[in-house]
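Note that this is a predicted model, so its numbers are computed, not measured. Just so it is clear: chains get the letters A, B, ... in the order the sequence lines come, proteins before strands, and each one is counted from 1.
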Amino acid sequence: MTLYSDFADAIDAVLDKLEATGDLPGGLDRRNVAVEPPRDPAHGDLATNAAMVLAKPAKTNPRALAEKIAAGLGERSDVVSAEVAGPGFINLRLSPRTWITELETIRAAGAAYGRSQMGHGQRVNVEYVSANPTGPMHMGHCRGAVVGDALATLLEYSGHSVTREYYINDAGGQVDVLARSVHLRYREALGETIEIPEGLYPGDYLVAIGQALASEHGARFVGAPESEWLVLFRTRAVAAMMVMIRDDLALLGIHHDVFSSEAELQAEKLPEAAEATLRARDLVYDGVLEAPKGEVAEDWEPVELPLFRSTRFGDDQDRPIRKSNGSWTYFGADMAYHFRKAANADQLIDIWGADHSGTVKRIQAAVSALTDGKVPLDVKLVQMVRLLRGGEPLKMSKRAGNFVTLADVVREVGKDVVRFTMLSRRSDAQMDFDFAKVVEASKDNPVFYVQYAHARIRSLHRKADLLRHPGEGRDPSPDLSLLDAEELAIIQLAAQFPRVIEQAATSHEPHRVAFYLFDLAAAFHALWNRGNDDPARRFLISDNPAVSRARLVLADAIGQVIRNGLSVMGVAAAEEMH
RNA sequence: GCACCGGUAGCUCAGCUGGAUAGAGCGCUGCCCUCCGAAGGCAGAGGCCAGGGGUUCGAAUCCCUUCCGGUGCGCCA
């Protein structure tokens, strides 16, 4: 129960009453009725559009209806005034007591403030990262990893039952290339001088696997045909890569619940099952694709393949689920994979890089077809991150192997800075990550700014402990009515936190939490700085313990909300700045 | 050619799923440190929300369309 849902209920009750007295026809759609803080504080503390939304279907004048609703709401003891404004807004002014009560609510709820049961335990599967197991995590994976993880936490926080899942692409051509690269390192370990040809993975992170295989199996695979060693080398290499990737993810505080293997999935014949289901509904047929548009493919030739009718779902082309050699396409296997995820979830979310945008429709189409539209799939596309250092783009080349690894970045700027920064932009917009700026101690840097606010709040306690006389305990029930209007105003902002969480969770947009925290931090800094002009308005005043205590409670509540918000983002709150 | 994502202050970006006079940071102008951390704060200037249609009490937000930028297109993964 938040302040906002409380008033939403109150409005419902008033509307029910108006229906009972015949002032309002029954059965009106109230879904668009909203309770919001008005953008302009001069309009009061809360506003509702109820009268404007309902006036037309009720065939009445919005202002007249608003007057009736306002009268009903005005009867509440916590409503100081209920005024009709503009085209029919109802602006409510709440008693100071309301905000003091909310402050006490924050204090009592502590780390749980902002949590809700909005999700009603709905099962949500969030698949994120799913980087190919062919090397360490690099910065290209980072944003999706953080966004997916924060979204998962956000959904948990708002009452969903969340599974964090990683899909291991261990069945395609890339992992064969990996196996061949390891074979080369294996020969190297046996004393050969090797040269890594174009197209194989040059990274020296494969050296250790080659050595291990050499010491276990000796030279028996050196001149042997691929058929004798490929599977073994591939399995070992993928396992080693996954250990490395999990370690990298752990640096960011990311841990998945489930790792699904594409190879296992295929061994279990899940794609076959999905194909049969779709063929039975005439959604898969054997056909020939047109030549691809755009860049001319030299080796293209028309072949009959099993095709999924994704055009029925808005795709521009039907999509093959098997290759001409009978093996599964990535899409064919992925479709089966999503089918299985859907069996244990009420809702699926995938976090993908924006370079996969072209494949969204087909997979959504397949999920919709396989689940009869019962399990929605939201694919969140995360745009690219441009790496800069002091405004200059970092030069990178994957081929030369000098891409920036995630581990390097975390080591340089820290987990919290990486996570916060990755969440400080809408994920469907491109982002710059400037090594110089993200660690800058200035207002230009939201990470610092929010952390600084929290550190200031913590410093108050250290200071307050010094001010306290020996034997004098912490005051359990300070007189909060000593708080002034400006101080109550920040509670109003803090009270929006549960709403922000709900909205961020519903819209699958964790960045909203970051922006909110920045606003809250700004409000706190402003309050703090009043003390510069007027010493009587500082948080701690040595000759006025009563006011100091009340303000300390206020500061603590703000600190609590900042901590809660940061924890949703997976960022630790700073105790002090260095 | 087609698809997806963008286009909001000089710059970087928010904008609460359709609300009232569109916001923040940087930069610019002017104030504020014997003072809990000034690593800050306050105030001001700065907008055809890319253009054009539409939907309605009401549009930066939804729909159509044009233009500009980014990404992608395959039996790859």
Side-chain angles (χ1 to χ4, degrees), chain A residues 32 34 36-40 42-43 47 49 52-53 55-56 61-62 85-89 91 130 132 134 169 171-175 262 289 291-295 297 299-301 303 305 314-317 319-325 327-334 353-361 381 383-384 424-426 428-432 437 440-446 448-449 452 455-456 459-460 462-464 466-467 496 499-500 502-504 506-507 509 511-512 514-516 518-519 522 525-535 538-542 548 576-577:
Chain A
N32 290 326
E36 299 173 325
R39 193 173 297 168
D40 184 347
H43 291 138
N49 59 357
M52 288 181 293
V53 173
K56 195 170 188 185
N61 174 330
F89 284 101
N91 292 329
S130 299
N132 290 329
T134 56
N169 301 134
Q174 288 178 343
V175 284
E262 181 184 0
L289 286 177
K293 300 269 163 56
E295 268 182 60
D299 53 352
W300 187 86
E301 51 189 40
V303 179
L305 293 167
D315 205 352
D316 21 300
Q317 208 179 39
R319 303 291 173 175
I321 60 170
R322 286 178 191 261
K323 306 178 197 174
S324 49
N325 66 7
S327 67
W328 295 101
T329 62
Y330 183 83
F331 170 60
D334 204 27
D355 50 345
H356 292 84
S357 62
T359 65
V360 173
K361 272 186 186 164
L381 295 176
Q383 287 288 343
M384 301 179 72
S424 63
R425 191 117 309 170
R426 222 170 58 229
D428 50 12
Q430 285 180 62
M431 177 166 88
D432 288 350
K437 279 195 177 158
E440 199 174 271
S442 78
K443 198 180 175 185
D444 196 15
N445 179 3
F448 166 80
Y449 195 64
Y452 185 31
R456 274 184 157 170
S459 82
L460 284 176
R462 292 191 287 270
K463 188 81 182 174
L466 293 177
L467 288 180
Q496 289 184 36
R499 253 181 113 240
V500 169
E502 283 190 5
Q503 286 167 349
T506 334
S507 59
E509 292 183 344
H511 75 276
R512 291 189 189 199
F515 280 92
Y516 168 78
F518 182 84
D519 288 344
H525 286 304
L527 204 56
W528 175 285
N529 277 88
R530 298 189 313 173
N532 290 334
D533 300 326
D534 181 0
R538 291 182 198 166
F539 278 87
L540 300 178
I541 308 160
S542 49
S548 300
E576 52 190 328
M577 305 306 288

Does the base of B:C75 carry an N or O that pairs as donor and acceptor with the side chain of A:Arg322 under 3.5 Å?
no
Using atom P in both nucleotides, what's the gap between B:G23 and B:G46 to the nearest angstrom?
14 Å
Rounded interatomic separation in angstrom, taking NZ from A:Lys437 and P from B:U12:
10 Å
Ignoring hydrogens and geometry beyond distance, is the side chain of A:Asn91 in donor-acceptor contact with the base of B:A20 at under 3.5 Å?
yes
By centroid distance (under 5.5 Å) and plane angle (under 30°), are A:His43 and B:A20 in a stacked arrangement?
yes
Whole-Å distance separating the NZ atom of A:Lys323 from the C1' atom of B:G74
12 Å
Counting any heavy atom closer than 4.0 Å, what does A:Ser507 reach on the DNA or RNA strands: base, sugar-phosphate only, or nothing?
base
How would you label the contact of A:Phe539 with the nucleic acid (heavy atoms, under 4.0 Å): base, sugar-phosphate, or nothing?
base
For a quick check of understanding: with a heavy-atom distance under 4.0 Å over all strands, which category does A:His511 fall into, base, sugar-phosphate or nothing?
sugar-phosphate
For a quick check of understanding: with a heavy-atom distance under 4.0 Å over all strands, which category does A:Asp432 fall into, base, sugar-phosphate or nothing?
nothing
Take atom P in B:C11 and the same atom in B:C48, then report the distance between them in whole Å.
12 Å
Whole-Å distance, A:Ile541 CD1 to B:C35 P, equals 17 Å
What nucleic acid atoms does A:Tyr449 come within less than 4.0 Å of, heavy atoms only: base, sugar-phosphate, or nothing?
sugar-phosphate
Grab the CG-C1' distance between A:Asp428 and B:G7 for me, whole Å please.
13 Å
Measure CG/A:Asp355 against C1'/B:A77 and give the value in whole Å, please.
10 Å
Have a look at A:Asn49 and say if it touches a base, only the backbone sugar-phosphate, or nothing, with a 4.0 Å heavy-atom cut-off.
base
How many angstroms lie between atom CG of A:Asp428 and atom OG of A:Ser357, to the nearest 0.5 angstrom?
12.0 Å
Which is it for B:C68, anti or syn, if anything within 90° of zero counts as syn?
anti
Which is true for A:Ala55 with a 4.0 Å heavy-atom rule: it touches a base, it touches only sugar-phosphate, or it touches nothing?
nothing
Whole Å only: how far is the OH atom of A:Tyr452 from the C1' atom of B:G41?
11 Å
Using the ring of each side chain (for Trp, its six-membered ring), is A:Phe515 parallel, tilted or perpendicular to A:His511, with breaks at 30° and 60°?
perpendicular
Determine the Euclidean distance between corresponding C1' atoms of B:A3 and B:G74; express it in Å to zero decimal places.
14 Å
Assign each of A:Ala85 and A:Met384 to its nearest nucleotide of RNA chain B by heavy atoms, then name whichever residue's nucleotide is nearer the 5' end.
A:Ala85
Ignoring hydrogens and angles, are the base of B:C35 and the side chain of A:Arg538 linked by a donor-acceptor pair under 3.5 Å?
yes
Within the supplied structure, the quantity of interest is the number of heavy atoms (other residues, nucleotides, ligands) at a distance under 6.0 Å from A:Met577 CE; does it exceed 12?
yes
If B:C2 has a Watson-Crick or G-U wobble mate with both distances under 3.5 Å, name it; if not, just say none.
B:G72
Looking across every strand, which nucleic acid part, if any, lies under 4.0 Å from A:Arg426 by heavy atom: base, sugar-phosphate, or nothing?
sugar-phosphate
Interatomic distance at C1', B:C49 relative to B:C62, whole Å
16 Å
If we ignore hydrogens and angles and just use 3.5 Å, is the side chain of A:His525 paired with the main-chain N or O of A:Tyr452 as donor and acceptor?
no
Measuring only the C1' atom in each nucleotide, how far is B:A38 from B:C33? A whole number of Å is fine.
6 Å
Could you check whether A:Gly86 gets within reach of a base, just the sugar-phosphate, or nothing at all, counting any heavy atom under 4.0 Å?
nothing
Distance, P atom - from B:A9 to B:A50, rounded to whole angstrom:
8 Å
Under 4.0 Å, heavy atoms only, any strand: does A:Gly353 hit a base, just the sugar-phosphate, or nothing?
nothing
Using the purine O4'-C1'-N9-C4 or pyrimidine O4'-C1'-N1-C2 torsion, is B:U17 syn (within 90° of 0) or anti?
syn
When only distance counts, do a donor and an acceptor, one from the side chain of A:Ser459 and one from the base of B:C36, lie under 3.5 Å apart?
no
Donor-acceptor contact below 3.5 Å, side chain A:Ser507 vs main chain A:Gln503
yes
Contact class for A:Ala455 (heavy atom, under 4.0 Å): base, sugar-phosphate, or nothing?
nothing
Spacing of A:Asn32 atom CG relative to B:C62 atom C1', expressed in whole Å
12 Å
Assert: residue with more 5' nearest nucleotide on RNA chain B, out of A:Pro87 and A:Ser357, is A:Ser357
Once you apply a heavy-atom cut-off of 4.0 Å, does A:Pro320 come out as touching a base, just sugar-phosphate, or nothing?
sugar-phosphate
Nucleotide paired to B:C67 in any strand shown, Watson-Crick or G-U, under 3.5 Å
B:G7
It should be established whether A:Lys463 places a side-chain nitrogen or oxygen under 4.0 Å from OP1 or OP2 of nucleotide B:C35.
no
With the stacking rule set at 5.5 Å and 30°, tell me whether A:Trp528 counts as stacking on B:G41.
no
For a quick check of understanding: with a heavy-atom distance under 4.0 Å over all strands, which category does A:Arg425 fall into, base, sugar-phosphate or nothing?
sugar-phosphate
Look at all strands and tell whether A:Leu305 reaches a base, only sugar-phosphate, or nothing, counting heavy atoms closer than 4.0 Å.
base
Taking the same atom, P, in B:U21 and in B:C26, what whole-Å distance lies between them?
28 Å
Atom CZ of A:Phe515 to atom P of B:C16: distance rounded to whole Å?
12 Å
Gap in Å between the two P atoms, one belonging to B:A24 and one to B:G44, rounded
10 Å
